[in-house]
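Reading through the C-alpha cells given below for one structure.
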Amino acid sequence: MKFNVAAAAAGTLLLASGAYAEDQKVLKDEASSAAAEASSKVAPPLPTFTPTKLKAPFLEQFTDDWDKRWKPSHAKKDTKGAEEEWAYVGEWSVEEPTVYKGMEGDKGLVVKNAAAHHAISAKFPKKIDPKGKSLVVQYEVKLQSGLECGGAYMKLLRDNKALHQEEFSNATPYVIMFGPDKCGHTNKVHFIFNHKNPKTGEYEEKHLSAPPSAKIVKTTELYTLIVHPNNTYIIQQNGEQVKEGSLLEDFTPAVNPPKEIDDPKDTKPEDWVDEARISDPDAKKPDDWDEDAPYEIIDEDATQPADWLVDEPLTVPDPEAQKPEDWDDEEDGDWIAPTVPNPKCADVSGCGPWTKPMKKNPDYKGKWTAPLIDNPAYKGVWAPRKIKNPDYFEDKTPANFEPIGAIGFELWTMQNNILFDNIYVGHSVEDAKKLAEETFFKKHPVEEALESLDKPKEEEKPKSPSDLKFLDDPKTYLTEKFDLFVTIFKKDPIEAIKFVPEIAGGLAAAFITLVSLLFGVLGLFSAPAPVKKVATDAKEKAKDVKDKVAEAATTGAETVKAEVNKRTTRKA
C-alpha cells in the first residue's frame with residue numbers, strides 16, 4: 001500500500017511535470033513562430049529606374065551622359081576684400097544612394113566632401129523665359145549624412161553671354177535661389193529672387209519673409225516651387241503645400257518702394273517742444289519734509305525671543321573631524337578641528353548675543369521732487385514732412401523673371417553625401433507631378449520602410465516571476481512559477497517551498513487529494529484492521545505535510561514581502 005501511495009504521488013508530480021513540459025513546448029513553438037515572422041520582415045523589393053519620356057525645357061535624371069551637361073567649377077570664391085580666399089575644391093560624383101536606397105539604378109549628383117566649397121552647373125539647351133508663364137522648379141534632396149550646417153539649395157542662373165561654367169561662383173548672377181538650408185537653429189527652405197529696378201537697372205535680392213522649415217531626414221525629400229503669372233507662389237514638400245502667398249506682399253525688402261518718403265532736408269525747429277510732461281514749476285517742498293530721515297530704524301518695541309540661546313555660539317568644532325595622520329604639531333602647529341553650524345541653533349529662534357532688529361522708518365520720504373503736470377507748450381511728436389519718393393516705381397508683374405540660362409549648385413556644407421536628383425525646370429505643373437509619380441512616389445515609401453527596419457526596436461523587458469499575475473496570463477503564470485519552483489527545489493527544497501508557496505501548496509493539495517481518493521476506494525472493501533491503521537497513519541502524515549507546507553508558504557510569503565521591501569528601500 002505504501003508503494004501504491006508513493007507511486008500515486010510520483011504520478012501526480014509526473015503529471016505536473018508533463019503539463020509543465022507541454023507548456024514549455026508550446027512556448028518554444030510560439031517563439032519559433034515569432035522568430036519566423038520576424039525573419040520574414042525583410043526589405044521591400046526595389047522598383048527599377050526607368051528614364052522618363054516627359055519633355056521639359058530642362059529635365060535632369062543624371063543618366064550616363066550627365067557629364068556632357070554638368071561642369072564643376074574651381075573658381076575662387078568672391079569674399080569681397082577679405083584676407084582669406086576660398087576655392088571651390090569640393091568634388092562631385094554621380095552614383096546611387098548608399099543610405100536607404102529606394103530604387104534600383106537611380107543615380108543622383110552627390111556632394112563628396114565635408115567642410116568644403118562645392119560649385120557645379122549645367123547650361124540649358126536654350127534659355128527659359130518665364131514671362132507670362134508659370135514657372136515650375138522641382139528637385140529631390142537626399143541628406144544621406146544628415147545636415148547640421150550647410151546648404152542644399154539650387155540656383156537658377158541669369159542668362160548672359162558671359163556665363164562660363166568653369167567660373168561659376170557665388171558672384172554669378174542668379175534669378176532664383178530655392179531649397180533647404182540649415183545651420184544651428186536656422187532651418188529654412190529658401191525662396192529668394194533677384195529683382196531688377198526698372199529705374200536704375202540695379203538688382204536687389206528679395207527674401208521670403210517667413211520661409212517654411214526643411215525636413216532634415218535621410219530619406220529623399222521632394223521640393224517644388226510654383227510661381228504663377230499673377231504673382232502668386234506655392235511651395236510644396238513631398239507633394240504637399242507648405243507655403244503660399246504673393247510676390248508683392250511676402251518678401252523683404254518689398255518689390256515696390258513706398259510712394260512717399262520722409263523729406264531728408266526737413267529738420268525739427270529749434271522751438272519745437274516734444275516733452276509731453278514737465279515738473280510743476282509752482283510746486284514747493286512741504287515744510288515737514290525730512291529728506292535726511294533714514295530708510296530703516298531700530299525696532300525699539302522688539303523683545304528677545306524666549307528660546308534664544310544667548311550663551312550658545314553660532315558655530316562649533318566638527319565632532320566628526322579627526323586630525324590627519326600625517327599632521328605634525330611641531331611643523332604644522334596645533335591642530336584645530338573645522339567648525340560647523342551649531343546644531344542647537346537649528347531648532348530655536350537664534351544663538352549668540354541678541355540685538356534689536358531694524359524696521360522700516362515710517363517717517364522716511366526720500367528726496368523731494370516736484371510732481372509732473374501736462375506741458376502747456378507741448379506740440380506733439382515731431383516727424384519730417386512727407387514728399388514724393390523720387391525713386392518710386394510700380395512693378396505689377398514681378399513674376400516676369402529675367403530669362404534663365406543655367407542651373408547651378410554653389411554650396412558650403414559640413415556634411416557630405418548630399419544627393420540631388422530628378423530636376424525639373426519648366427512651365428507645367430502636371431508634368432512635374434507626373435515626374436514625381438514616376439520617381440519620388442515610387443521610391444519614397446520603400447525608403448521609409450527601410451528606415452523603419454533600421455530603427456532599433458524597443459526590447460520588451462522580461463517580467464520577473466514575482467511580477468506576474470494569474471488573471472493576466474494564467475498559462476504563463478503557472479509555467480513561470482513551476483519553472484522557478486523546480487529550479488530552486490534542485491538546490492534547496494525548503495527554500496523552494498518558501499519562495500514559491502503557490503506551487504508547493506498546489507502539489508501538496510494534489511498529493512493529499514490523491515491519497516484520500518485511494519484510501520476512500522480501499523475503504524469500500526472493508527479493509528482489515530492493519531490496513532485501516534496504515535490508512536489512518538497515512539492520513540495523519542498527509543495532514544502533517546499539509547500543515548508544514550502551509551507554514552512554509554506563510555514563511556515564504558513573509559520572506560518574499562521582506563525581500564520586496566528591501567528592494568524598494570534600496571531603490572529609494
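Fair warning: this is a prediction, and the values are worked out from it, not measured in the lab. Both backbone and side-chain heavy atoms feed into the values below; hydrogens, waters and symmetry mates do not. Position 1 is the first residue of the sequence; numbering continues from there.
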[X] with [Y]: basic N within carboxylate O range, under 4.0 Å:
| X | Y | result |
| --- | --- | --- |
| Lys55 | Asp431 | no |
| Asp374 | Arg277 | yes |
| Asp421 | Lys142 | no |
| Glu104 | Lys101 | yes |
| Asp181 | Lys188 | no |
| Asp106 | Lys443 | yes |
| Glu410 | Lys155 | yes |
| Glu96 | Lys107 | no |

Under 3.5 Å side-chain donor-acceptor pair for His207 and Thr252: no
Polar side chain donor-acceptor pair, Glu140 to Thr220, under 3.5 angstrom: no
Spatial distance of atom CG (Asn422) from atom CG (Leu59) [nearest 0.5 Å]: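 If I round to the nearest 0.5 Å, the distance is 7.5 Å.
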Residues, nucleotides or ligands: over 12 heavy atoms within 6.0 Å of Glu275 CD: no
Over 12 non-hydrogen atoms of neighbours within 6.0 angstrom of CD in Glu205: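 Yes, CD of Glu205 has more than 12 neighbouring heavy atoms, counting only those of other groups under 6.0 Å.
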